[in-house]
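Below is one structure, written out as structure tokens; comments come after it.
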Amino acid sequence: MITADELRRTLGPLGIWMPPPARIGIDPESYARKIEVAGFTSVWYPGVNSPDDLAAIEPALAATERLVLGTGIASVWTWRPDELAAAVRRLDTLYPGRFILGLGVSHAPAVEASGQAYVKPYSKMVQFLDELPDTGAPVVLAALGPKMLELSRDRTAGAHPYFTPPEHTAFARRVLGAAPLLVPEIAVALAQGDVGAAHARDYAQRYLRLPNYTGNLRRFGYTDADIADGGSDRLLADVVPHGPEDAQARIAAHLEAGADHVVVQILGERGQFAADDLAVLAELTSAMR
């Protein structure tokens, strides 16, 4: 298995986080090639909760030479550990050193919609890791709070936080220590002014309904007023910046706070992924890579 240090060197500073391409009408092979040509070293996909979901994103590996694919995340509520390990071992055999398994406990609404009770998510993750056979590929956890970060440090290659300010990245690095991989996501709207702010708020309001995220934000001093109505200007500036200068500054802030690799989600109309802005992001972040 590739080590955390080897993976850190392979990944470099920046990658892309985006919805699974087929779900938003994008060809996964051609867009993966665009990501690689633009100079980003990884692409991370959420909602990889079944063998079909994993098969749908595999073309991103087949179509590229070096691009690393991460799951952000695969839910421990929907996979059997043995089934997931076998699927990941297959990918690692075909594309050695190019797959990272991101695991997470998801959120109560999604889990309860599947007919399961969302109880003791931390214990569920511990049990899943206990039962997970060797995958051949690195595993990271979607970790926000101290207990899950400690579990990431002690049981896996590192952590993949989502919807967090740079202050959380600094906190996560302190908990993890120097060795584990730290890969935060950041969503940015590249449009300026009121248009960019609307894109950011349309995106943020979806996540500000979820207790896992709002509870984590409260740990860092954000109030109920910050969380209400799609997020205060202060919260959005910290977590979902808009405009090229602020986006660039916040991406850099995560790296300066201790991130090994920041995965950037580009936002556009209605807070959806802005696939056509990839080249703009590449130019904006060229000095970081």
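Only a predicted model underlies this, so the values are computations on that prediction, with no experimental measurement involved.
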Which atoms form the tightest heavy-atom contact between L181 and A4, and what is the distance?
CD1-O, 4.2 Å
Side chains of S42 and W17: closer than 4.5 Å at any heavy-atom pair?
no
Rounding to 0.5 Å, atoms OG (S152) and NZ (K147) come to a distance of 13.0 Å
Take a 6.0 Å sphere around CG of D194 and say whether it holds more than 12 heavy atoms from other residues, nucleotides or ligands.
no
For A257 against P166, the heavy-atom pair lying closest together
CB-O, 3.5 Å
dist D260:CG -> H254:NE2 (nearest 0.5 Å) comes out at 13.5 Å
Once rounded to the nearest 0.5 Å, what's the spacing between atom NE2 of H242 and atom CG of L236?
8.5 Å
Quick check: does any side chain N or O of T78 sit under 3.5 Å from a backbone N or O of S75, one acting as donor and the other as acceptor?
yes
Is a side-chain N or O of R98 found less than 3.5 angstrom from the main chain of L69, in a donor-acceptor match?
no
Hydrophobic cluster membership, Y203 vs L208, 4.5 Å side-chain cutoff
yes
For I57 and P20, the nearest pair of non-hydrogen atoms, with its separation, is CG2-CB, 4.4 Å
Whether the side chain of T285 engages the backbone of M288 through a donor-acceptor N/O pair (distance < 3.5 Å, no angle test) should be reported.
no
As an exercise, state the distance from CD of E256 to CZ of R250, rounded to the nearest 0.5 Å.
10.0 Å
Same cluster or not: F99 versus F40, using hydrophobic residues (I, L, V, M, F, W, Y) connected whenever any side-chain heavy atoms lie under 4.5 Å apart?
yes
Using a 3.5 Å distance criterion without hydrogens, assess whether the side chain of T41 forms a donor-acceptor pair with backbone atoms of L11.
yes
Hydrophobic cluster membership, with links at side-chain heavy-atom distances under 4.5 Å among I/L/V/M/F/W/Y: are V195 and L284 in one?
no
What are the two closest non-hydrogen atoms of R218 and D224, and how far apart are they?
NH2-OD1, 2.7 Å
Less than 6.0 angstrom separating the ring centers of H107 and Y118, yes or no?
no
For D130 and R155, run salt bridge (Lys or Arg N to Asp or Glu O under 4.0 Å): C-alpha distance rounded to whole Å, both residues' side-chain angles, the deciding distance at 0.1 Å, then the answer.
CA-CA 9 Å; D130 288 344; R155 299 287 303 274; 3.0 Å; yes
From R270 CZ over to R206 CZ, what is the distance, rounded to the nearest 0.5 angstrom?
10.0 Å
Counting only heavy atoms not in D276, do more than 12 fall under 6.0 Å of its CG?
no
Answer with yes or no whether the side chains of Y45 and D53 bring together a donor and an acceptor at under 3.5 Å.
no
Measure centre to centre between the rings of F128 and W79, then say whether the value is under 6.0 Å.
no
Exercise: identify the closest heavy-atom pair between P138 and A157:
CB-CB, 4.1 Å
Any side-chain heavy atom of I186 sitting closer than 4.5 Å to one from V188?
yes
Given side chains that start at C-beta, do those of L278 and I16 come closer than 4.5 Å, heavy atoms only?
yes
Can a donor-acceptor pair be found, under 3.5 Å and without considering hydrogens, that links the side chain of W77 to the backbone of V105?
yes
Does atom CD (E112) have a neighbourhood of more than 12 heavy atoms from anything else shown, all under 6.0 Å?
yes
Short question: side chain of R33, backbone of T64 - any donor-acceptor pair under 3.5 Å?
no
Salt bridge or not between K34 and E29? Use side-chain N to carboxylate O under 4.0 Å.
no
Cluster check V140, L149: I/L/V/M/F/W/Y, side chain < 4.5 angstrom:
yes
L101 vs L84, test: side chain to side chain contact (heavy atoms under 4.5 Å, CB included). Steps then yes/no.
CA-CA 9 Å; L101 175 60; L84 179 57; 4.0 Å; yes
Would I35 and V48 show up in the same hydrophobic cluster when neighbours are defined by side-chain heavy atoms closer than 4.5 Å?
yes
Could you tell me whether the side chain of P21 reaches within less than 4.5 Å of the side chain of Y31, counting heavy atoms only?
no
Can you list the steps and then say if F220 with T164 is a side chain to side chain contact (heavy atoms under 4.5 Å, CB included)?
CA-CA 10 Å; F220 292 88; T164 59; over 6 Å; no
For the atom pair CD (Q192) and NE2 (H199), what is the distance rounded to the nearest 0.5 Å?
12.5 Å
Yes or no on side chain to side chain contact (heavy atoms under 4.5 Å, CB included) for Y213 and N216, after CA distance, side-chain angles and deciding distance?
CA-CA 5 Å; Y213 294 128; N216 184 58; 5.8 Å; no
Flag, side chain of T71 to backbone of G102, donor-acceptor distance under 3.5 Å
yes
Validation row: L141, L151 side chains within 4.5 angstrom (heavy atoms):
yes
E185 (side chain) donor-acceptor with V262 (main chain) under 3.5 angstrom
no
State, with a plain yes or no, whether a side-chain heavy atom of V175 is found less than 4.5 Å away from one of F171.
yes
Which heavy-atom pair separates S232 from A225 by the least distance, and what is that distance?
CB-O, 4.3 Å
Within-4.5 Å side-chain heavy-atom neighbours: F163 and V239
yes
Residues Y162 and Y207: side-chain donor-acceptor under 3.5 angstrom
yes
May I ask you to test the L190-L267 pair for a side-chain heavy-atom distance under 4.5 Å?
no
Would you confirm whether R8, through its side chain, and T3, through its main-chain N or O, come within 3.5 Å as a donor-acceptor pair?
no
Examine distances only and state if a side-chain atom of E36 and a backbone atom of R66 form a donor-acceptor pair shorter than 3.5 Å.
yes
Determine, step by step, whether W44 and I100 satisfy the side chain to side chain contact (heavy atoms under 4.5 Å, CB included) criterion, reporting the C-alpha distance in whole Å, the side-chain angles of both residues, the deciding distance to 0.1 Å, and the verdict.
CA-CA 9 Å; W44 294 64; I100 302 172; 3.8 Å; yes
E283 atom CD, over 12 foreign heavy atoms within 6.0 Å:
no
